[in-house]
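In what follows, a structure is listed as structure tokens, so that the remarks can point back to it.
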Amino acid sequence: MRAVACIDDLRMAAQRRLPRMIFDFVDGGSYAGATSRANRRDLEAIPFNQNICVDVSDRSTATTLLGEQLAFPAAIAPTGLSGLIWPGGEIAAARAAADAGVPYCLSTMSVCSIEDLAKAVTKPFWFQLYMLKDRGFVQALVKRARDAGCRVLVLTADVPVLGQRHRDVHNGLTVPLKFSARAALDIASHPRWAMRALGSGKRTFGNLAGKVGGANAGSLAQWIGSQFDGAMRWSDVEWLRGIWPGKLVLKGVLNAADAEQARRSGADGIVVSNHGGRQLDGAPSSIAALDRVAQKVGGNLEIIVDSGFRSGQDVMRALALGARACMIGRAPLFGLAANGQAGVASALDIIRKELNATMALCGVNTVAEIDRRVLLPTYPVSGAAQPSPVHA
Ligand SMILES: Cc1cc2nc3c(=O)[nH]c(=O)nc-3n(C[C@H](O)[C@H](O)[C@H](O)COP(=O)(O)O)c2cc1C
């Protein structure tokens, strides 16, 4: 593999190493992919305000989020089925996150169970919850997360139904994973992945033992339709608040009204997110939504943002527009596919170093100093005062 300089290098390595069905599941957006593209386009369009002759020799990317110390303002986003990308993928990613000093969020839909991850790592991790129809099971999941030492629960609210990903339909992705003749050929041409991943024998949802039928594999959308509660309402967020003593974060907020209601329902934080462009196609990019949401609810909630973040420059843009941290989903998954735990470590290191350099070039020394002044005053700002240079 050629030297890895950026997240795109890891993406290319992931594309070579993974069978097409798995790579497409990770990489794809929903429907026509408009929101997925908008996430990248809108981030790249935000210009920085370079500042020179500022003493930036004593910089720090350290920050705090939801009461935790972070080495830099990022967290690994919850991603289902990471264990298909690399055996023990969730454990590898959580260990890399702990070493890098950032949180790891385990998905409800992970291959590794909450308990197995807790046994494998020494640092507390976050748990992401989907509201399943079976509330008794949800309550049990919440208790399992608490018993495993999780302090932050992330409730994902933007999957009342699954947004169709055309590539998954074409590839015949099923739950549990079953292989068609075409998929078997695809797998046969990726023998290294096949030996590692299939050898581990784990191909389904570790947290949902007893909930996933073994015999009849259906499409991911069918399975989610049968298990996820499409009737989830704000009263369910309040119910969850009542049974979860730790920090509660609502993921999937894209407008100020929902952010405000999340606060009223007891959330400590939100993730401004369009699920990496994998749900409502045509929804605004997360960075555009962040700009509006942060102006409205700024100081009242801790704001995390995700969807399309691929660099430290992107993290800097999000902090400038009011986020406290970014979640990154695909970037560590590309690293995982490329080289397991070391690949995730590499993805995190790239983003941290890029943020560090971007801070220096914009003339700031601390995360707390980052605000709109690190962006060019020409950046379109809805209703906010025009920024002035950091060091006028
Ligand atoms: C392969 C994959 C699986 C995902 N699974 C989940 C999940 O189980 N729960 C969840 O809340 N979000 C899930 N997401 C969304 C991520 O948490 C996050 O919102 C998104 O990946 C951020 O965009 P990015 O991938 O461009 O960084 C998944 C994303 C991907 C790429």
Measuring only between side-chain heavy atoms, which start at C-beta, is [X] closer than 4.5 Å to [Y]?
X	Y	answer
Glu90	Val111	yes
Pro19	His190	yes
Gln50	Ile52	yes
Leu106	Asn207	yes
Asn274	Leu280	no
Trp244	Leu129	no
Phe334	Arg17	no
Val271	Leu250	no

Do the side chain of [X] and the main chain of [Y] share a donor and acceptor less than 3.5 angstrom apart?
X	Y	answer
Arg278	Ser36	no
Glu238	Ser265	no
Thr64	Gly67	no
Gln128	Thr108	yes
Arg59	Asn356	yes
Asp9	Ala5	yes
Glu302	Gly269	no
Asp281	Thr35	yes
Gln295	Arg292	no
Arg263	Leu301	no

**Message:** Check for me whether the distance between the ring centres of Tyr130 and Phe228 falls short of 6.0 Å.
**Reply:**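 Yes, ring centres under 6.0 Å apart.
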**Prompt:** Should Asn339 and Ser346 be marked as a side-chain hydrogen bond (donor to acceptor under 3.5 Å, both in side chains) after you check the CA-CA gap, both sets of side-chain angles, and the distance that decides it?
**Reply:** CA-CA 9 Å; Asn339 199 16; Ser346 164; over 6 Å; no
For [X], does the [atom1] atom sit with more than 12 other heavy atoms under 6.0 Å from it, leaving out its own atoms?
X	atom1	answer
Arg233	CZ	no
Lys353	NZ	no
Lys143	NZ	no

**Message:** Working note: Ser110 + Ser107, criterion side-chain hydrogen bond (donor to acceptor under 3.5 Å, both in side chains); need CA distance, chi angles, decisive distance, verdict.
**Reply:** CA-CA 5 Å; Ser110 54; Ser107 162; 5.5 Å; no
To check you understand the geometry: which heavy-atom pair defines the closest contact between [X] and [Y], and what is its length?
X	Y	result
Ala331	Ile351	CB-CD1, 4.3 Å
Ser307	His275	OG-N, 3.4 Å
Arg95	Val121	CG-CG1, 4.0 Å
Ala94	Leu117	CB-CD1, 3.8 Å
Trp234	Asp258	CH2-O, 3.5 Å
Asp236	Ala231	OD2-O, 4.0 Å

Can you tell whether the side chains of [X] and [Y] come within less than 4.0 Å, N to carboxylate O?
X	Y	answer
Asp158	Lys251	no
Asp27	Arg167	yes
Arg241	Asp268	yes
Glu115	Arg144	yes

Nearest 0.5 Å, please: how far is [atom2] in [Y] from [atom1] in [X]?
X	Y	atom1	atom2	answer
Asp306	Ile76	CG	CD1	13.0 Å
Ile370	Arg317	CD1	CZ	12.5 Å
Leu248	Ile270	CG	CD1	12.0 Å
Leu162	Gln279	CG	CD	5.5 Å
Ile328	Arg310	CD1	CZ	9.5 Å
Leu10	Leu336	CG	CG	10.5 Å

If Ile, Leu, Val, Met, Phe, Trp and Tyr residues are connected whenever their side-chain heavy atoms lie under 4.5 Å apart, and connections chain through other members, are [X] and [Y] in the same group?
X	Y	result
Tyr104	Leu66	no
Leu70	Val367	no
Val249	Met327	yes
Leu84	Phe25	yes
Val152	Phe72	no

**Asked** Should Leu65 and Ile304 be marked as a side-chain contact (heavy atoms from CB on, under 4.5 Å) after you check the CA-CA gap, both sets of side-chain angles, and the distance that decides it?
**Response** CA-CA 9 Å; Leu65 178 67; Ile304 303 170; 4.0 Å; yes
**Message:** Does Glu68 form a side-chain hydrogen bond (donor to acceptor under 3.5 Å, both in side chains) with Trp126? I'd like the steps, not just the answer.
**Reply:** CA-CA 11 Å; Glu68 297 183 10; Trp126 298 4; 3.2 Å; yes
**Residue pair Val56, Met359: steps toward the side-chain contact (heavy atoms from CB on, under 4.5 Å) verdict** = CA-CA 8 Å; Val56 287; Met359 286 170 64; over 6 Å; no
**Prompt:** Do Asp291 and Arg372 pass the salt bridge (charged side-chain N to carboxylate O under 4.0 Å, His left out) test, and can you show the C-alpha distance, the side-chain angles, and the key distance before you say yes or no?
**Reply:** CA-CA 10 Å; Asp291 196 10; Arg372 281 179 185 274; 2.4 Å; yes
**Message:** Would Met316 and Val374 count as a side-chain contact (heavy atoms from CB on, under 4.5 Å) here? Give the steps.
**Reply:** CA-CA 9 Å; Met316 181 88 164; Val374 304; 4.0 Å; yes
**Prompt:** Asn365 and Asp58: side-chain hydrogen bond (donor to acceptor under 3.5 Å, both in side chains), yes or no, with the steps?
**Reply:** CA-CA 6 Å; Asn365 282 297; Asp58 188 20; over 6 Å; no
**Request:** For the pair Asp314 and Arg40, evaluate salt bridge (charged side-chain N to carboxylate O under 4.0 Å, His left out) and give the outcome as yes or no after the intermediate values.
**Result:** CA-CA 9 Å; Asp314 292 342; Arg40 291 297 312 137; 2.8 Å; yes
**Request:** Step by step, work out the side-chain contact (heavy atoms from CB on, under 4.5 Å) result for Gln341 and Trp86.
**Result:** CA-CA 9 Å; Gln341 182 176 333; Trp86 190 273; over 6 Å; no
